[in-house]
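One structure is given here, and the rest of the page talks about it.
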Amino acid sequence: MSTQMQESLLELITQTSTNLPPDVRRAIKKAQLQEEIGTRASIAIDTIVDNIVSAEEDVQPICQDTGMPTFIVHCPVGFNQLRMTEDIRVAVEEATKLSKLRPNSVDPLTGKNSGNNLGAGTPVIHYHQWERDEVEVRLILKGGGCENKNIQYALPVELPGLGRAGRDLEGIRKCILHAVYQAQGQGCSAGFIGVGIGGDRTTGYELAKEQLFRPLDDVNPNPTLAELEQYIMDNANHLEIGTMGFGGKVTLLGCKIGVMNRIPASFYVSVAYNCWAFRRLGVVLDATSGEIRSWLYRDKEEKMERPTGGFSTDQAIVLKAPISEEQIRSLKVGDVVLIEGEIHTGRDELHKYLMKHDSPVSLQGGIIYHCGPVMMKDDAGEWHVTAAGPTTSSREEPYQADIIEKFGLRAVIGKGGMGAKTLAGLQKSGAVYLNAIGGAAQFYARCVNKVNGVDFLDEFGVPEAMWHLEVKGFPAIVTMDAHGNSLHKDVDEASLLKLEDLKDPVFA
Ligand code: SF4
């Protein structure tokens with residue numbers, strides 16, 4: 001790193017990735033108090049808090065998915081934006097080398113990961129000029145699990161549970177509630193939503209994402225939107241989707257809504273969903289020296305204590321590969337398990353590969369982990385895990401049942417649950433789906449004792465490679481068993497009924 005500006009930007013990236021802002025912490029602490037001790041939601045939220053504390057202490061990524069780095073820069077007239085872009089690129093590359101960012105920039109045609117978070121369209125940088133003499137840089141790191149739960153509605157539209165959403169405030173209200181419902185636990189709830197009303201398909205989504213930069217405790221200057229935000233916050237928790245979609249009292253932690261003009265033919269409501277790992281920070285920089293003058297979102301400090309709750313391991317069932325079919329069939333939804341021994345990471349590229357090829361290692365009786373870890377190689381050439389929470393499992397739905405049957409897998413670890421095809425596959429082959437706590441990347445990295453090896457590193461890149469990890473005391477909850485039961489299906493159905501309760505007009 002050669003310039004002060006680059007150093008300051010590296011500090012912004014590091015802090016954003018590792019240290020949740022105070023307003024987000026306050027929202028999570030409030031939710032922690034609302035959940036009943038000992039429930040699945042309470043276990044999940046305590047694990048999240050434990051993870052937040054570890055990430056700050058160790059200056060490591062809160063979640064392994066550090067998303068698409070998106071910078072919003074305000075600068076004085078005449079400021080050199082070309083040089084700033086280069087400074088941001090240098091800082092992003094350095095943060096990736098230091099494992100504060102996971103290499104996340106992938107060519108969609110070749111599947112090649114650039115390895116340094118630089119590439120076409122990466123990172124995202126938006127510039128705005130202003131009359132002040134200083135530079136403000138805001139950054140959001142929004143991971144794929146929640147990005148995939150963004151949704152855009154073109155009104156009028158028919159919505160499950162809510163009926164017709166027309167081109168008025170009532171229709172907007174229904175779209176926002178539906179957006180929370182459809183995310184279930186897959187975006188690592190409890191979440192935050194930014195909503196953009198109006199615009200076109202592109203600017204509507206931009207407006208929605210912009211809302212995520214608002215402090216959680218601000219009040220919308222538009223009284224109609226302020227009332228709508230309050231309504232959503234008061235009612236979304238009625239859905240009882242809960243943390244990780246386990247069911248629970250808290251489903252939504254924040255809602256911010258913006259509006260812009262539309263053209264007569266189009267009426268969009270765009271929703272940007274952000275997981276609990278709501279990583280956004282900002283700095284005000286001296287335009288000449290590049291030094292940090294002040295931080296944004298850090299007006300009031302909010303310390304978090306390591307919780308005493310979380311997984312109770314006393315009655316947990318130990319699973320160690322190779323696992324017998326008999327042991328798997330004795331498990332039921334709700335059981336807490338502790339995984340020991342070797343597990344193998346596998347995401348989209350590996351699942352696609354295994355459909356047509358052999359596995360480089362035996363998976364008979366084995367455990368696959370939907371995870372794209374952050375890894376670091378030491379001077380001796382040894383790999384170490386620095387962040388390793390689960391990724392969204394539903395992406396593997398087209399493959400999972402076939403892979404389980406073909407290789408004799410007994411357990412799949414992930415988050416957010418899987419669908420009907422996998423559920424039938426679990427029943428047929430004798431396997432279970434284990435839900436780990438999404439985003440708890442430091443918590444789970446602590447459970448990895450050793451990296452036994454890696455396959456497909458050059459072909460697939462770090463997140464998609466098949467890492468062979470030796471784990472100890474790795475806790476998870478059975479959420480889909482070998483008897484056709486699925487907690488995810490149950491929570492989805494129950495929350496749809498709850499959504500129907502909110503069908504009647506409120507703003508008519
Ligand atoms: S907390 Fe969940 S949704 Fe958020 S970035 Fe991490 S894995 Fe993705």
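When a ligand or atom number is given, it counts from 1 through the structure's own listing order.
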Problem set entry | contact_flag K142 ligand 1 heavy-atom lt 4.0 Å | no
Exercise. Which residue owns the protein heavy atom closest to atom 4 (Fe) of ligand 1, what's the atom, and how far is it?
Worked result: C275 SG, 2.3 Å
Problem set entry | Identity and distance of the protein heavy atom lying nearest atom 2 (Fe) of ligand 1 | C188 SG, 2.4 Å
Problem set entry | Atoms in ligand 1 with a heavy atom of D65 nearer than 4.0 Å | 5 (S)
For this session: Let me know which of I477, D335, I413 forms a side chain to side chain contact (heavy atoms under 4.5 Å, CB included) with L434.
Result: I413
Exercise. Which one of Q64, Q186, K415, R279 has a non-hydrogen atom at the shortest distance from atom 5 (S) of ligand 1?
Worked result: R279
Exercise. So Y181 and D492, side chain to side chain donor-acceptor pair (under 3.5 Å) or not? Walk me through it.
Worked result: CA-CA 8 Å; Y181 157 74; D492 192 324; 2.6 Å; yes
For this session: Can you pull out the closest protein heavy atom to atom 6 (Fe) of ligand 1? Residue, atom name and distance to 0.1 Å, please.
Result: C63 SG, 2.2 Å
Exercise. At a 4.0 Å cut-off, with the gap strictly under it, does some heavy atom of G389 reach an atom of ligand 1?
Worked result: no
For this session: May I ask which of G439, S189, A441, G187 has a heavy atom nearer to atom 1 (S) of ligand 1 than the others do?
Result: G439
For this session: Take the angle between the ring planes of H488 and Y433 and call it parallel below 30°, perpendicular above 60°, tilted in between.
Result: perpendicular
Exercise. Any chance NZ of K421 has more than 12 other-residue heavy atoms, nucleotides or ligands included, within less than 6.0 Å?
Worked result: yes
Exercise. R280 pairs by side-chain hydrogen bond (donor to acceptor under 3.5 Å, both in side chains) with which of T70, N274, D23?
Worked result: D23
Problem set entry | Lys/Arg cation over aromatic Y205: R201, 6.0 Å, 45° cone | no
Exercise. For atom 8 (Fe) of ligand 1, what's the nearest protein heavy atom and its distance?
Worked result: G145 N, 3.7 Å
Problem set entry | K320 atom NZ, neighbour heavy-atom count above 12 within 6.0 Å | no
Exercise. So Y399 and H351, would you call those rings parallel, tilted or perpendicular, with 30° and 60° as cut-offs?
Worked result: tilted
Problem set entry | Part of K149 within contact of ligand 1 (heavy atoms, under 4.0 Å) | neither
Seminar exercise, completed: Note: ligand 1 atoms sitting under 4.0 Å from heavy atoms of G143 are 5 (S)
Exercise. Does any N, O or S atom of C146, backbone or side chain, fall under 2.8 Å from atom 4 (Fe) of ligand 1?
Worked result: no
